[in-house]
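Written below as structure tokens is the structure these notes are about.
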Amino acid sequence: MLRSLLVLRQIAQRTISTASRRHFENKVPEKQKLFQEDNGIPVHLKGGVGDALLYKATMILTVGGTAYAIYQLAMASFPKKQA
Amino acid sequence: MTHQTHAYHMVNPSPWPLTGALSALLMTSGLTMWFHFNSNILLTLGLMTNSLTMYQWWRDVVRESTFQGHHTIIVQTGLRYGMILFIMSEVFFFAGFFWAFYHSSLAPTPSLGGYWPPAGINPLNPMEVPLLNTLVLLASGVSITWTHHSLMEGNRKHSLQALLITIFLGIYFTLLQASEYLEAPFTISDSIYGSTFFVATGFHGLHVMIGTTFLTICLLRQLKFHFTSKHHFGFEAAAWYWHFVDVVWLFLYISIYWWGS
């Protein structure tokens, strides 16, 4: 019984990695390699396709929103005459 | 291949200052449309683009520092000055509201009854939930110091535990304050008392939420091994901000809750 406990303890010790939780492994070196690649891509797009999509979405919303705000300003500046 | 011969950080051209400025336009004009024309689409767009800008801008700062190594000592020094100056500007922001409170409470007008708290106001008992809130924030100051020491000693488990405790205390404070707001026998429209109380404590509560968010980002970064025992300025900035939020509360508690009752 004691022997199987000792074996269990050995297995438990082997499966625990240096990361304190099994989900979190140190991926920083990979990221460092990705973002230090000499490809001339600016940092806000260097992470991949997702970056470009998020950037486009942000631009469309911001610039579109600005156009809409100016339109609303124009509408508000000239009140409709009451019939 | 050209390389820089100085230790400063010349950033890549970035779209976020533009989107940030435009999002500010959308938020302000959005408020106008909401107040005066019963439409909240601009305000929603403004809040969305503001969040998108903040997320991407700060994501890029993490990339430039942790992944690209641009944050040399001299760059870090600049960031330290920047954070200190920002917190100082926030101190002046709150100073205005404390000025308003003391202006009205040191010389209460006849319409208030000539005394403070004004006629008809039942202030909250400073020895009940407000005192608990004080202890919660003071305790969070202790736990965040424990977090820092654990970080500097390279103790991953303890730094994560202590940071988690700090965040939970921040959330606990927010929930307690929310319940106080719902249960309070007076509202923001109850004379200058209500105005000064809710504007000062309200902005403080907002800052607690911002601080809690900042700490949560630090938690995620610490989980992802971004911080080293010698270089973790993002966390230090969050800790400075958190201590500032705590100090503002202490002034609020002493002035408005205690002396003001």
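All of these numbers come straight from a predicted model, not from anything done at the bench. Below, chains carry the letters A, B, ... as their sequence lines are ordered, and counting in each starts from 1.
For B/Trp34, the CH2 atom sits in a loose shell: 12 or fewer heavy atoms of surrounding residues, nucleotides or ligands are nearer than 6.0 Å. A/Asn39 CG: more than 12 foreign heavy atoms inside a 6.0 Å radius. Under a cut-off of 6.0 angstrom, the local environment of OH in B/Tyr55 is sparse, with at most 12 non-hydrogen atoms contributed by other residues, nucleotides or ligands. Atom CZ of B/Phe198 has more than 12 heavy atoms from other residues, nucleotides or ligands within 6.0 Å. For NZ of A/Lys31, the number of neighbouring non-hydrogen atoms (other residues, nucleotides, ligands) closer than 6.0 Å is 12 at most. Heavy atoms from other residues, nucleotides or ligands lying under 6.0 Å from CD1 of B/Ile73 number 12 at most.
A/Ile70 contributes atom CD1, which lies 9.0 Å from atom OG of B/Ser29 (distance to the nearest 0.5 angstrom). With rounding to the nearest 0.5 angstrom, the CZ atom of B/Phe67 is 10.0 Å from the CD atom of A/Glu30. A/Thr62 OG1 to B/Leu52 CG: the interatomic distance, rounded to the nearest 0.5 Å, is 7.5 Å. Distance NE2/B/His226 to NZ/A/Lys27: 10.5 Å, rounded to 0.5 Å. Note that the CG atom of B/Leu18 and the OG1 atom of A/Thr66 stand 8.0 Å from one another [nearest 0.5 Å].
Of the possible donor and acceptor atoms, none in the side chain of B/Arg63 sits under 3.5 Å from a partner among the backbone N and O of A/Gln32. Side chain of B/Gln68 to backbone of A/Phe35: a donor-acceptor contact under 3.5 angstrom is found. A/Asn26 places no side-chain N or O within 3.5 Å of a backbone atom of B/Phe225 that could act as its donor or acceptor partner. Remark: the backbone N or O of A/Val43 is not paired with any side-chain donor or acceptor of B/Glu64 at under 3.5 angstrom.
Closest approach of B/Pro13 and A/Pro42 over heavy atoms only: O-CB, 4.4 Å. The shortest non-hydrogen separation linking B/Arg156 to A/Phe24 is NH2-CB, 3.9 Å. When all heavy atoms of A/Met59 and B/Pro15 are compared, the pair lying nearest together is CE-CB, 3.8 Å. Residues A/Ala69 and B/Leu26 share a closest heavy-atom pair of CB-CD2, 4.1 Å.
Side-chain contact check for B/Gln56 and A/Thr58: at least one donor-acceptor pair (N or O, by modelled atom type) lies under 3.5 Å.
Residue contact with chain A, scored on non-hydrogen atoms closer than 4.5 Å, involves the side chain of B/Trp16 exclusively. For a residue to count as touching a neighbouring chain, one of its non-hydrogen atoms must lie under 4.5 Å from one of that chain's; by this rule A/Lys46 touches chain B with backbone and side chain alike. Contact of B/Thr66 with chain A is made through backbone and side chain together, with heavy-atom distances under 4.5 Å. Only the side chain of B/Leu45 comes within less than 4.5 Å of a heavy atom in chain A; its backbone stays farther off.
Comparing A/Lys33, A/Gln36, A/His44 by how many heavy-atom pairs each has under 4.5 Å with chain B, the most go to A/His44.
B/Thr32 has its side chain out of reach of A/Gln72: every pair of non-hydrogen atoms, C-beta onward, lies at least 4.5 Å apart.
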